[in-house]
Amino acid sequence: MNYMRHIMALVQKDIVAELRTKEMLNSMVLFVLLTMVVFNFAFGSGSAMEAVSSGLLWVAFMFAAILGLNRVFVHEKDEGCLDGLMLCPMDRSAIYFSKAISNFVFLTLVELIAFPVFTIFFVQKSFLSHLWFLIIILLLSNVGISAVGTLLSAVSINTKARDLMLPILFLPVIVPILVAAVKSTELVLTASAIDVQKFETDMIVWLRTLAIYDIIFVLVGFLTFEYVVEE
Amino acid sequence: MHDTVPLFCIDNLNKSFGRRKVLSELNLKIYKGDFLTIFGPNGAGKTTFLRILSTLSGFSSGSIVIDGVDIKEDSSELRQKIGLISHNLLLYKDLNAYENLRFYAKMYDISLREEKISELLQRVELDHRKFDVVGSFSRGMQQRLSIARALLHNPEIIFLDEPFSGLDVHASKILDDILEKLKREGHTLIMTTHNLERGLVHANSVAIINGGKIVYSKRCDLPDLNGFKRIYYEHIGD
């Protein structure tokens with residue numbers, strides 16, 4: 001019970017601090033929107049656009065996530081607050097979970113703002129009947145991105161080139177989630193053109209892949225975080 | 001005040017960062033109610049030693065037993081008894097003073113009413129800035145708030161890592177008064193500093209660390225400042 005209270009207090013603190021400065025959210029939203037505008041001009045509309053739209057969406061989300069993840073432990077580290085948290089009489093994995101939850105919330109918020117813009121620019125066929133699948137894809141992908149990103153952000157914060165280190169560590173590890181997210185989003189966006197049975201079979205495979213990677217990444221983060229942050 | 005059973009038993013402590021040995025075969029006993037000041041030049045290993053004692057860093061080999069508890073076995077329980085005042089503030093600059101203290105109170109599982117937080121802030125003369133964000137405070141004010149944060153859960157053991165660094169005269173006086181009060185109340189205080197004069201003011205026990213080893217330690221009947229200066233330079237070799 002205390003464990004959950006610690007996590008909630010940490011998440012609340014992160015959200016209050018972020019809403020006060022909006023440092024992370026502003027840069028993430030601006031980056032995603034700019035990327036979509038640039039892609040829209042680069043690819044125009046038509047079948048070429050339809051084929052690559054889900055990839056573009058996840059490239060934009062992934063790099064926006066990196067922008068946010070780079071900032072996760074900066075305040076904690078620069079002001080010595082990570083020491084303050086590590087001195088608290090609690091299981092240190094609570095810090096990991098709280099940071100992962102905060103990242104999840106911020107990333108989901110950015111996606112909620114960016115997705116309507118994406119549909120205006122890139123989506124030509126209605127996918128409303130499959131909207132629930134899209135919501136599940138976004139949520140499962142965000143869990144994986146936040147879980148692995150938070151852990152690697154903690155690793156990179158102790159290195160000299162911390163801003164550079166996170167993408168180098170993060171991108172290779174996140175490939176399975178990125179592939180599953182792109183493929184499943186593509187299924188949703190092209191659902192009206194494919195057979196229902198094939199849609200369901202393929203969708204289950206990708207959602208299962210996302211779920212399995214989420215479980216693995218969350219477990220790895222939970223088990224290793226204390227060793228990562230302790231000198 | 002001077003117990004015979006040590007609160008801290010540190011035996012053959014070693015700490016390395018890669019190939020670099022920072023602490024080497026370090027042995028020390030610290031007694032309950034002591035005010036121990038650890039002196040040493042820059043890079044001697046003072047801060048690393050304090051970080052290990054306060055459970056912030058691990059160590060390579062040796063053993064540390066605090067109040068009968070092996071630090072490696074149950075550091076979470078131990079942390080309830082520990083407070084740290086450091087030149088690092090451990091405060092969130094985007095939150096106000098009240099929010100910072102309330103947040104840390106939650107982390108220590110203590111329910112602090114607003115009056116109690118105000119009382120703590122009064123103790124460090126910051127009550128009038130309670131709802132101002134910490135980022136707008138001067139360095140001295142931030143350090144005073146950091147002291148309030150460290151004392152929030154009334155810790156038995158207080159670590160002080162160069163606590164006077166960056167403090168103005170007023171903030172130093174407040175910290176001096178607080179340290180004297182804590183000492184009278186029987187808290188165990190362990191301070192690191194390279195400032196001999198400042199370090200001897202409250203101490204009833206001293207140690208000199210150099211090259212990762214304790215090269216001198218004395219408890220009770222401490223020499224005066226000039227006498228200690230001679231001892232210090234003899235052991236530091238300057």
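Chain naming here is simple, since letters A, B, ... match the order of the sequence lines and numbering starts at 1 in each.
Sequence neighbours left out, the pairs with a member in residues 136-145 of chain B that pass side chain to side chain donor-acceptor pair (under 3.5 Å) are B/Arg129-B/Ser136.
Contacts of B/Tyr92 with chain A are made by both backbone and side-chain atoms, with heavy-atom separations under 4.5 Å. Proximity to chain B (any heavy atom under 4.5 Å) is shown, for A/Leu82, by neither the backbone nor the side chain. For chain A, the nearby part of B/Glu99 is the side chain; its heavy atoms alone come within less than 4.5 Å. At a 4.5 Å heavy-atom cutoff, the contact between B/Ile82 and chain A is made by side-chain atoms alone.
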Please tabulate, one pair per line, all N/O donor-acceptor pairs under 3.5 Å involving side-chain atoms of residues 133-141 of chain A, not counting sequence neighbours.
unit_1   : atom_1 : unit_2   : atom_2 : d
A/Ser141 : OG     : A/Ile137 : O      : 2.7

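Between the side chains of B/Asn14 and B/Ser61, a donor-acceptor pair is found at a separation under 3.5 Å.
Here A/Asn2 is the residue among A/Val16, A/Thr21, A/Asn2 with the most heavy-atom pairs under 4.5 Å with chain B. The greatest number of non-hydrogen atom pairs below 4.5 Å with chain A, out of B/Asp109, B/Leu89, B/Asn88, is found for B/Asp109. Comparing A/Ala17, A/Gly80, A/Cys88, A/Gly84 by heavy-atom pairs within less than 4.5 Å of chain B, the highest count is held by A/Cys88. The candidate with the highest count of non-hydrogen atom pairs below 4.5 Å against chain B, out of A/Glu18, A/Glu76, A/Arg92, is A/Arg92.
B/Arg198 places a side-chain heavy atom less than 4.5 Å from the side chain of B/Asp176.
Aromatic rings from A/Phe97 and A/Phe222 are positioned such that their centres are separated by under 6.0 Å.
Between B/Phe8 and the choices B/Leu36, B/Ile71, B/Ile157, B/Asp67, the side chain to side chain contact (heavy atoms under 4.5 Å, CB included) rule is met once, by B/Ile157.
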